[in-house]
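Written below as structure tokens is the structure these notes are about.
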Amino acid sequence: METKYIFVTGGVVSSLGKGIISSSLARLLLSRGFRVTIQKFDPYINIDPGTLNPYEHGECYVTVDGHEADLDLGHYERFTNVHTSRANNITTGRIYQSVIDKERRGDYLGKTVQIVPHITDEIKRNVKLLGNTGKYDFVITEIGGTVGDIESLPFLESMRQLKWELGSNCICIHLTYVPFIKAAKELKTKPTQHSVKQLQEVGIQPDILILRTEKDIPVSMRRKVALFCNVSPDAVIQSIDVPSIYEVPLTMHEQHLDEIILRKTNTPYEGEPDMSRWTEFLDKMQCAEKTVTIGLVGKYVELQDAYKSINESLFQAATYNNHKLNLVYIHSEKVDDDNVAEKLAGLDGVIIAPGFGQRGIDGKFSAIKYCREHDVPTFGICLGMQCMVIEFARNVLGLKDANSTEMNPQTPYNVIDLMEEQKSISNMGGTMRLGAYDCVLRDGSKAAQAYGTTFVSERHRHRFEFNEEYRKAFEAAGMQCVGENPDTHLVEVVEIPKLKWFIGTQYHPEYSSTVLSPNPIFLSFVKAAIDNAKA
């Protein structure tokens, strides 16, 4: 069958959940046996979010092939169980960089390079890149930002051209917000009408409207929206708030979103999507009565999107362990040796979060020392693992000034040091150790028991590493280096076997945890926290 293209745009306000709608639709189509992928087009001029502060853009997600991507790609993978790649996340910066490189090479044969057709052609080429592989029946493309933003105009123009060129093989879903005015006790559809009008002004007629709302929208009101926006009444769908994002695919299917799309793209289908494994997960989530309390120690805790993949991985692991998750955010800048017992009181397990830079690092050391001495299940990820190593060096090996050369380039005990291949790098963007790398785990270690194998592949995002020169001293004192890269012998996993569960990973296992395939090390950590609570 010919590849079908589905565009998802947003109007009225940002943060409506275009990524969740795109992911939910992909889940439904996959459950019907179609081959689906999702891509995100971001209108900002950064090449990728790798150099962006989490306060600006939330978590930076890393794909298997080493691309630093928008956090929505995390949603795509968690919902679909399908790996994304560099081709699934395009920014305005990437588009302009590609066009300028072609211009410098002379590819345009001396022509004046313009937004139309050169920028729009490059956008269209990237839209169709995944479809042209022959691997997918549907390519869902989410356009970042809000209709009316000056930044997204070239993307909308490209989409208008594609709708014209591809006919019924290309449709547009427009997601808008229907506010409830409390004083008037009324839902208002005027913002939606204006948003659709803005789309129509750039030559795009949406095929389906999804109305984001906190209150149920009456059928009569939805008919009114259909009439005013030139959309068939059955294609106006509401997306009402639900307790969990993982319930959204079911609410969309109840309103026949998947069937409407299959009809509008002239795609033959029969029967219902097989959502049995998905509903099993939701049943576990809804039936869980006991709660496991995990503390997350990090410096971006006031912005929960900064740790989005970790939050979701913990939630999945708690659900599969038949528990609700109570996630407590602890600001590492507000933790010290004097208050750490009070800050970590009542926690069944502790995550030491990843990150970069000096800010908040002393609080992480205090938390790790307390957890190690009081045998609280502890999981350190990336910088969290490096902090475990530094704390152990200082307080067990007696190397008082031990540090990472990231924090103190003059440290006499550089237990964490810059990777050899990073020493000549001056550009910050896209130059870290990125993407999936193999790791061999020591047989019998807690990490190997968690995975049920001694060979794993996990994703990385770091510049600094455990210093091999100190390995013997650490192992003699009780911190074992139980995971290493088979090619470089880079230490990937450390653990203290005599403790209940005290593991640090240089890699980011949260990136590969999905609803249908939760990451085994998160399952093991949460189980240890539950056992700790019982004890």
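Throughout, residue positions are numbered sequentially from 1 according to the sequence presented. Computed from a prediction, not measured in an experiment: that's the story for all the values here.
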Original post:
Between D137 and R35, is a salt bridge (charged side-chain N to carboxylate O under 4.0 Å, His left out) present by the stated rule, with each step listed?
Top reply: CA-CA 5 Å; D137 302 315; R35 301 167 303 161; 3.0 Å; yes
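- In this structure, a donor-acceptor pair under 3.5 Å is present between the side chains of N81 and S517.
- Here the CG atom belonging to D241 is positioned 11.5 Å from the CD atom belonging to E247, to the nearest 0.5 angstrom.
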**OP:** Please step through side chain to side chain contact (heavy atoms under 4.5 Å, CB included) for the pair V515 and Q316, ending with a clear verdict.
**Re:** CA-CA 6 Å; V515 172; Q316 291 154 12; 4.2 Å; yes
**OP:** For K40 and D42, run salt bridge (charged side-chain N to carboxylate O under 4.0 Å, His left out): C-alpha distance rounded to whole Å, both residues' side-chain angles, the deciding distance at 0.1 Å, then the answer.
**Re:** CA-CA 6 Å; K40 173 80 184 280; D42 272 308; 3.4 Å; yes
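- In summary, the aromatic rings of F79 and Y246 are positioned with their centroids under 6.0 Å apart.
- Here the side chain of S276 pairs no donor or acceptor atom with the backbone of D274 at under 3.5 angstrom.
- Here S22 contributes atom OG and R27 contributes atom CZ; the two are 14.5 Å apart, rounded to the nearest 0.5 Å.
- With salt bridges taken as basic N to acidic carboxylate O contacts below 4.0 Å, one links E373 and K369.
- Between N326 and V292 there is no side-chain heavy-atom pair separated by less than 4.5 Å.
- Interatomic distance, E391 CD to N395 CG, rounded to the nearest 0.5 Å: 4.5 Å.
- Here N321 contributes atom CG and L523 contributes atom CG; the two are 6.0 Å apart, rounded to the nearest 0.5 Å.
- Looking only at atom types and distance, the side chain of W501 has a donor-acceptor partner in the side chain of S524 under 3.5 Å away.
- Between W278 and F281, the angle of the ring planes lies from 30° to 60°, which puts this pair in the tilted group.
- Between Y511 and Y61, the ring centre distance stays below 6.0 Å.
- Aromatic pair F138/Y5: ring centres not closer than 6.0 Å.
- Residues H508 and H462 have side chains not in contact (no heavy-atom distance under 4.5 Å, counting atoms from C-beta outward).
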Original post:
Between E465 and Q386, does a side chain to side chain donor-acceptor pair (under 3.5 Å) hold up when you go through it step by step?
Top reply: CA-CA 8 Å; E465 65 168 314; Q386 295 174 2; over 6 Å; no
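- Side chain of K500 to main chain of A529: no donor-acceptor pair is present (N/O by atom type, distance under 3.5 Å, no hydrogens or angles).
- When atom types are taken as modelled, the side chain of N414 and the backbone of D417 share no donor-acceptor pair closer than 3.5 angstrom.
- Panel note: side chain N485, backbone D438; a donor-acceptor pair is recorded below 3.5 Å.
- Around the CD atom of E468, the shell of radius 6.0 Å holds more than 12 heavy atoms that belong to other residues, nucleotides or ligands.
- Contact of the L25 side chain with the I6 side chain is registered, since non-hydrogen atoms from C-beta on lie closer than 4.5 Å.
- Atom CG of L296 is separated from atom CG of L314 by 7.0 Å, given to the nearest 0.5 angstrom.
- A donor-acceptor pair under 3.5 Å is absent between the side-chain atoms of R372 and the main chain of A367, judged by distance alone.
- Remark: T319 OG1 to L282 CG distance equals 9.0 Å, nearest 0.5 Å.
- Looking only at side-chain heavy atoms (C-beta outward), R442 and Q480 come within less than 4.5 Å of each other.
- Ring pair F379/F502: centre-to-centre distance not below 6.0 Å.
- Aromatic rings from Y307 and Y329 are positioned such that their centres are separated by 6.0 Å or more.
- Side-chain polar atoms of Y76 and Q39 form no donor-acceptor pair below 3.5 angstrom.
- Shown are E510, E68, E77; of these, the salt bridge (charged side-chain N to carboxylate O under 4.0 Å, His left out) with R459 is made only by E77.
- Under the rule for a side chain to side chain contact (heavy atoms under 4.5 Å, CB included), the partners of I45 that lie at least two apart in sequence or sit in another chain are T92.
- A salt bridge (charged side-chain N to carboxylate O under 4.0 Å, His left out) check over residues 320-338, counting only residues at least two apart or in different chains, returns the pairs E333-R359.
- S309 and E59 are linked by a side-chain donor-acceptor pair at a separation below 3.5 angstrom, with hydrogens and angles left out of the test.
- In summary, K308 and E312 engage in a salt bridge, as defined by a charged side-chain N under 4.0 Å from a carboxylate O.
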